[in-house]
Protein chains: 2
Amino acid sequence: MIGKSVLTRHQELVYRHLTGSEKALSAYDLLDALRGEGLRAPVQVYRALGKLIDHGLIHRIESLNAFVACTHEGHQGAAGFAICDACGEVEEFPLPDHLAPIDHWAAGRAFRVEHTTVELRGRCQTCR
Amino acid sequence: MIGKSVLTRHQELVYRHLTGSEKALSAYDLLDALRGEGLRAPVQVYRALGKLIDHGLIHRIESLNAFVACTHEGHQGAAGFAICDACGEVEEFPLPDHLAPIDHWAAGRAFRVEHTTVELRGRCQTCR
DNA sequence: CGATGCATGTTATACCATTACGAACCCGAG
DNA sequence: CTCGGGTTCGTAATGGTATAACATGCATCG
């Protein structure tokens, strides 16, 4: 059994729209943008987003309740995000390089980490 | 002019309720719990939560859309959270010890960090 | 007193996310 | 071929999170 490699129509539409945006987009942003392409209800967007997250093609930004395309197609492991509060740009960076101290803390507490969220809010180079 | 040091009635109610909970509580959890004390509308809870966050007495957990009392009253700087998906317990830990690598990344990008969110989801020692 | 500032109260609305249910479709087993 | 199972799709309804807008009460300060 091969894992599903192609995207459905809705997934493709949502993914393409996210890859074309520097900013994180909410599910309802995506819905509004894609109504002309046949998406009509929030649940359709959330279903596509869920699958794309499962495939590792996009990430959810918890502090914005919004979504961005993954920009590290090759990498394994978790990602962190730097979010500019002025222009909205989101930049992804790989976490494994940075996580060792936190992993160590968790190991000391016998806490088994399943998912790590790291989000930096502030000003990007051009907006500071 | 002395900075306001005492809490208003609503702020006190919300803060006390949070300090009595191991888990993060949503604004609506708090509203339901405090209706008997005179809180009637979401906006009243959100106002109290906002002030408590300003005062550094509580933290928002982005990945839960919920709130916890700060358990490091003395410390300065940012906090991270380990959240057990089984029992809901939230444990706070001080971040400054762990952030150096990420700060270094941000400095290299000329990104000025104003707030850092670190949330670990997983299983705590007793639930794993 | 009058002005200011802050906390409050109330209503309404906007925004985010999921549940439930049924129809359509693809594809492999019998 | 036809029957199932699994996945996608469509639609409606609902539940959960957060803020806007506006009016009122009350303390303080000049």
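Order of the sequence lines fixes the chain letters, A, B, ..., with proteins taken first and strands second; residue numbering starts at 1 for each chain.
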Nucleotide nearest [X] (side chain, heavy atoms from C-beta), chosen from [options]:
X        : options                  : value
Arg47(A) : dT8(C), dC16(C), dG10(D) : dG10(D)
His10(B) : dT8(C), dG10(D), dT8(D)  : dT8(C)
Asn65(A) : dA17(C), dT11(D), dT8(D) : dA17(C)

Separation of atom [atom1] in [X] from atom [atom2] in [N], rounded to whole Å:
X        : N       : atom1 : atom2 : answer
Leu49(A) : dT8(D)  : CG    : P     : 14 Å
Asp54(A) : dT7(D)  : CG    : P     : 12 Å
Glu62(A) : dC16(C) : CD    : C1'   : 12 Å
Leu13(A) : dT8(D)  : CG    : P     : 15 Å

OP1 or OP2 of [N] versus the side-chain N and O atoms of [X]: is any pair under 4.0 Å?
X        : N       : value
Arg9(B)  : dG9(C)  : no
Lys51(A) : dT7(D)  : no
Thr8(A)  : dC9(D)  : yes
Tyr46(A) : dA17(C) : yes

Shared hydrophobic cluster for Val118(B) and Ile61(A) (ILVMFWY, side-chain gaps under 4.5 Å):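 No: no chain of side-chain contacts under 4.5 Å links Val118(B) to Ile61(A).
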
Heavy-atom pair with the smallest gap, counting every atom of Leu39(B) and Leu31(B):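 What the structure gives for the nearest pair is O-CD1, 3.9 Å.
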
Nearest heavy-atom neighbours spanning Tyr15(A) and Leu57(A):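 The answer is CE1-O, 3.5 Å.
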
Residues which pass side chain to side chain contact (heavy atoms under 4.5 Å, CB included) with Ala41(B), listed by chain and number, not counting sequence neighbours: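 So Ala41(B) forms a side chain to side chain contact (heavy atoms under 4.5 Å, CB included) with Val43(B), Gln44(B).
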
For residues 82-91 of chain B, which side-chain donor-acceptor pairs fall under 3.5 Å, sequence neighbours excluded?
| unit_1 | atom_1 | unit_2 | atom_2 | d |
| --- | --- | --- | --- | --- |
| Asp85(B) | OD1 | Arg121(B) | NE | 2.9 |
| Asp85(B) | OD1 | Arg121(B) | NH2 | 3.0 |
| Glu91(B) | OE2 | Arg109(A) | NH1 | 3.0 |
| Glu91(B) | OE2 | Arg109(A) | NH2 | 2.9 |

Extract from the structure each pairing of a protein N or O with an N or O of nucleotides 24-26 of chain C at less than 3.5 Å, listing the distance.
none

Ring centre gap for His59(B) and Phe81(B) strictly below 6.0 Å: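 Yes: the rings meet the under 6.0 Å criterion.
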
Atom CD of Glu12(B) with >12 non-hydrogen neighbours under 6.0 angstrom: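 Buried by this count: over 12 neighbours within 6.0 Å.
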
Residue pairs, two or more places apart or on separate chains, that pass side chain to side chain donor-acceptor pair (under 3.5 Å) and touch residues 29-42 of chain A: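 For residues 29-42 of chain A: Ser26(A)-Asp29(A).
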
Salt bridge (charged side-chain N to carboxylate O under 4.0 Å, His left out) involving Arg47(B) - partner list, sequence neighbours excluded: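 For Arg47(B), no residue satisfies salt bridge (charged side-chain N to carboxylate O under 4.0 Å, His left out) once neighbours in sequence are set aside.
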
DNA chain C contacts among residues 19-45 of chain B, heavy-atom distance under 4.0 Å: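 Residues of residues 19-45 of chain B that come under 4.0 Å of DNA chain C are, in numerical order, Arg40(B), Ala41(B), Val43(B), Gln44(B).
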
